[in-house]
Amino acid sequence: MPELPEVETVRISLNEHLLKCKISKVRINVKNLRFPVPNNLEKSLEGKVFEKINRRGKYLLINFKQDLSLLVHLGMTGVFKINNSYSPEKHDHIVIELKEKFLIYNDVRRFGFFKVYKKNLVMQSPHLKKLGPEPLDIGFNELILKKKMMNKTQNIKHFLMDQKNIAGLGNIYCSEILFDSKISPLRLVNDMKKSEIKKIVKSIKKILTKAIELGGTSLSDYKTPSGKLGYFKNELKVYGMENKNCFFCKKRSKIKKLVQQGRSTFFCMKCQK
DNA sequence: AGGGCTACCTGTACGC
DNA sequence: TGCGTACAGGTAGCCC
């Protein structure tokens with residue numbers, strides 16, 4: 001499910017609902033997520049009070065008033081649900097009880113994970129340490145990307161997908177970003193012109209910002225913690241659009257699908273050079 | 001050191 | 001209807 005816009009939407013929603021709430025009880029139904037749920041998670045969380053929730057790339061950093069940060073990755077199908085009462089559903093792995101509220105972690109494929117850190121150590125976690133820059137930071141620009149591209153021979157789609165280069169882009173938004181910047185996903189990074197890199201940076205910011213405004217993209221699993229869908233689905237121009245007329249050149253060309261590094265890429269051969 | 005590929009898991013869609 | 005297969009928003013950890 002979740003790339004940067006979805007995780008950011010979840011972050012905003014959790015912040016709205018959980019700030020200052022105190023955890024009364026934690027129940028773990030399934031221990032084997034991507035990594036084992038920390039042994040003492042129930043004990044670590046009970047009695048804790050939610051503070052500001054942050055995001056880095058596709059990771060959530062859930063902070064507590066006490067000296068504790070919960071690092072959460074949603075994998076492919078991880079969702080949080082916030083309800084006033086609890087009625088069990090399939091794949092509810094972690095149920096966190098608050099005063100008159102339940103926070104539930106549900107994850108069909110179990111690729112998500114939870115890890116517990118002391119506040120000052122969470123940024124040192126191996127997951128976060130290797131992440132590239134935040135694409136929506138003001139300081140993120142073509143010079144930073146260009147530097148990362150030096151001496152690399154990969155195609156641009158693969159490059160954008162690598163979290164070491166930029167944090168937060170995934171399979172949907174990489175196709176959409178390259179379509180928006182009219183750059184072919186097959187282009188190799190070492191022969192990209194500065195003007196093209198600039199276009200890509202502009203498209204990254206534009207697409208991600210718009211997607212956050214619309215609450216992310218709901219394909220099958222993804223919903224916000226309060227159960228809302230993400231409406232960027234209606235803005236997708238190429239992802240999942242194989243054989244459809246191209247949004248830009250209309251009937252002159254159809255969207256093609258190809259597989260790069262084992263992942264589907266969608267693009268227009270006429271518009272993207 | 002750096003890159004490429006696979007495994008992890010369940011659900012769904014599709015062809016036969 | 002049922003079975004087999006391919007594919008799905010991600011990434012750690014293996015191998016080369």
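A, B, ... follow the sequence lines: proteins, then strands. Residue 1 opens every chain. No experiment lies behind these values; they were computed from the predicted model shown.
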Taking only side-chain nitrogens and oxygens of A/Lys130, does any of them come within less than 4.0 Å of OP1 or OP2 of C/dA12?
yes
Return the value, rounded to whole Å, for the distance between atom CG of A/Leu33 and atom P of C/dA12.
15 Å
Check DNA chain C against residues 109-124 of chain A and give the residues with a non-hydrogen atom under 4.0 Å, in numerical order.
A/Arg109, A/Phe111
Would you say B/dA7 has OP1 or OP2 under 4.0 Å from some side-chain N or O of A/Arg34?
no
Should A/His73 be listed as having a side-chain N or O under 4.0 Å from OP1 or OP2 of C/dG10?
no
Answer yes or no on whether A/Lys237 is positioned over the face of A/Phe247, meaning its NZ or CZ is under 6.0 Å from the six-membered ring centre and within 45° of the axis.
yes
Could you work out the separation of C/dT11 and B/dA1 based on their P atoms and round it to a whole Å?
23 Å
Check every atom of C/dA12, C/dA8, B/dG11 against the side chain of A/Lys90 and return the nucleotide holding the closest atom.
B/dG11
Closest to side chain of A/Ser264, choosing from C/dG10, C/dC7, C/dA12:
C/dC7
Looking at C/dG10, B/dG11, C/dC7, which one has an atom nearest to any side-chain atom of A/Lys257?
C/dC7
Round to a whole Å and report the spacing from CG of A/Leu4 to P of C/dG10.
11 Å
Nearest heavy-atom contact between A/Pro126 and A/Tyr117 is CD-OH, 4.4 Å
Distance only, no hydrogens: is a donor on one side chain within 3.5 Å (strictly under) of an acceptor on the other, for A/Asn83 and A/Lys101?
no
Distance test, side-chain N/O of A/Gln163 to OP1/OP2 of C/dT11, below 4.0 Å
yes
Taking the six-membered ring for Trp and the full ring for Phe, Tyr or His, determine whether the centres of A/Phe179 and A/Phe248 are under 6.0 Å apart.
yes
When you measure from the side-chain N and O atoms of A/Tyr173 to the phosphate of C/dG9, is any distance below 4.0 Å, counting only OP1 and OP2?
no
Taking atom P of B/dA1 as reference, at what distance in whole Å does atom CG of A/Asn151 sit?
17 Å
Rounded to whole angstroms, how far apart are OH on A/Tyr239 and C1' on C/dA8?
7 Å
Between B/dG3 and C/dG9 - P atom distance, rounded Å:
23 Å
Which of these nucleotides, B/dG4, B/dT10, C/dG10, is closest to any side-chain atom of A/Asn171?
C/dG10
Do A/Lys157 and A/Asn171 have side-chain N/O donor and acceptor atoms under 3.5 Å apart?
yes
Nearest-nucleotide pick for A/Tyr59, side chain only, options being B/dG4, C/dG9, C/dT11:
C/dT11
Side chain of A/Phe35 - closest among C/dT11, B/dT10, C/dG13
C/dG13
Go ahead and name the base partner of C/dG4; Watson-Crick or wobble counts if both distances stay under 3.5 Å, otherwise write none.
B/dC14
In Watson-Crick or G-U wobble terms, with both distances under 3.5 Å, the base opposite B/dC9 is none
Does C/dT11 have OP1 or OP2 sitting under 4.0 Å from an N or O in the side chain of A/Lys58?
yes
Between B/dG3 atom C1' and A/Gln260 atom CD, what is the distance in whole Å?
16 Å
Closest heavy-atom pair, A/Glu134 versus A/Phe140, reported as atoms and distance to 0.1 Å, is O-CB, 3.6 Å
If you count the non-hydrogen atoms of other residues, nucleotides and ligands that lie under 6.0 Å from CG in A/Asn234, is the total more than 12?
yes
Provide the distance between the two P atoms, one in B/dC9 and one in C/dC3, to the nearest whole Å.
23 Å
Please state whether the phosphate of B/dG2, meaning OP1 or OP2, lies under 4.0 angstrom from any side-chain nitrogen or oxygen of A/Lys152.
no
Ignoring backbone atoms, test whether A/His127 places a side-chain nitrogen or oxygen under 4.0 Å from the OP1 or OP2 oxygen of C/dT11.
no
A/Phe232 near the nucleic acid: base, sugar-phosphate alone, or nothing, with a heavy-atom cut-off under 4.0 Å?
nothing
With respect to the phosphate group of B/dG3, does any side-chain polar atom (N or O) of A/Thr153 fall under 4.0 Å of OP1 or OP2?
no
Separation of atom CE in A/Met150 from atom P in B/dG2, rounded to whole Å
13 Å
Are A/Tyr239 and A/Phe232 close enough that their ring centers fall under 6.0 Å?
no
To the nearest angstrom, the CZ-P distance between A/Phe159 and B/dG2 comes to 14 Å
Beyond-backbone contact of A/His73 with A/Lys58, side-chain heavy atoms, under 4.5 angstrom
yes
Whole-Å gap separating P (C/dG9) and CG (A/Asp107):
15 Å
